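Just the heavy atoms: all of them, side chains too, but no hydrogens, waters or symmetry mates, feed the values below. This structure is a prediction, so every number in the text was calculated from the model and none was measured. Nothing fancy with the numbering, it's 1 onward along the sequence.
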Amino acid sequence: MPRGAEYSRWLATYEKGWRNPSSVPRLKCDSCGERQLTLTFEVYTPGAGSGDAHLWCSACLRGLFLCLAVIRADLPTAPVGANHRPAYDLIQPE
């Protein structure tokens, strides 16, 4: 499968999770099909409207990292570095 196609699917899954964070555990991983996704948001400044977004699958350890992601006020955030996540392989755009 072309790299760009996989990246596009992961971005679509991220958008679903961004719109409805409670749905993330029910979403399928775009790499392995398991339902073991986690989405976290980290901010450099509390209350900031942007920060880092991490979406990964605990089953296959693949996922996305988006810097300067828009973070709505209703999304849970943590200070940068506070979330403990595995070393996952990044899905790359083309």
Side-chain angles (χ1 to χ4, degrees):
M1 137 188 22
R3 227 191 226 178
E6 183 180 23
Y7 186 78
S8 293
R9 285 196 314 277
W10 272 89
L11 282 177
T13 299
Y14 167 78
E15 187 170 328
K16 289 176 190 174
W18 183 85
R19 291 181 188 281
N20 183 5
S22 65
S23 72
V24 172
R26 295 184 306 276
L27 297 174
K28 284 187 179 181
C29 170
D30 292 298
S31 293
C32 73
E34 293 292 322
R35 296 180 194 273
Q36 295 186 34
L37 296 179
T38 302
L39 176 59
T40 63
F41 298 96
E42 297 180 334
V43 294
Y44 293 91
T45 305
S50 66
D52 296 341
H54 298 270
L55 174 65
W56 74 89
C57 176
S58 295
C60 67
L61 295 177
R62 293 178 56 79
L64 287 180
F65 166 72
L66 302 170
C67 63
L68 297 176
V70 173
I71 301 176
R72 297 188 327 260
D74 64 321
L75 294 173
T77 62
V80 168
N83 287 322
H84 299 286
R85 63 188 167 279
Y88 61 90
D89 292 332
L90 292 176
I91 305 300
Q92 301 289 332
E94 270 191 58

Hydrophobic clusters here meaning ILVMFWY residues chained together by side-chain heavy-atom distances under 4.5 Å, can you tell me if Leu61 and Val24 are in one?
no
Shared hydrophobic cluster for Phe41 and Tyr44 (ILVMFWY, side-chain gaps under 4.5 Å):
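The answer is no; the residues belong to distinct hydrophobic clusters.
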What salt bridge (Lys or Arg N to Asp or Glu O under 4.0 Å) pairs are there with at least one residue in residues 37-52, not counting sequence neighbours?
Glu42-Arg85
Taking salt bridge (Lys or Arg N to Asp or Glu O under 4.0 Å) as the cut-off, I'd like each qualifying pair that reaches into residues 53-82, sequence neighbours left out, listed once.
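Listed by first then second residue: Glu6-Arg62, Arg72-Asp74.
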Passing option when Leu27 is tested against Leu55, Leu37, Leu39 for side-chain contact (heavy atoms from CB on, under 4.5 Å)
Leu37
Looking only at the side chains, is there a donor atom on one of Thr40 and Trp56 sitting less than 3.5 Å from an acceptor on the other?
no
Between NZ on residue Lys16 and CZ on residue Arg26, distance to nearest 0.5 Å:
12.0 Å
Kindly give the heavy-atom pair with the smallest separation between Pro25 and Pro21, and that separation in Å.
CD-O, 4.1 Å
Pair Ser31, Cys57 - check side-chain contact (heavy atoms from CB on, under 4.5 Å), show working.
CA-CA 9 Å; Ser31 293; Cys57 176; over 6 Å; no
Does a side-chain heavy-atom distance below 4.5 Å link Ser58 with Tyr88?
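Of all side-chain heavy-atom pairs linking Tyr88 with Ser58, none is under 4.5 Å.
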Which residues pass the side chain to side chain contact (heavy atoms under 4.5 Å, CB included) test with Ala69, not counting sequence neighbours?
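For Ala69 the side chain to side chain contact (heavy atoms under 4.5 Å, CB included) partners, ignoring immediate neighbours, are Tyr14, Ala53, Leu66.
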More than 12 heavy atoms of other residues, nucleotides or ligands under 6.0 Å from CZ of Phe65: is that the case?
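Correct, the count exceeds 12.
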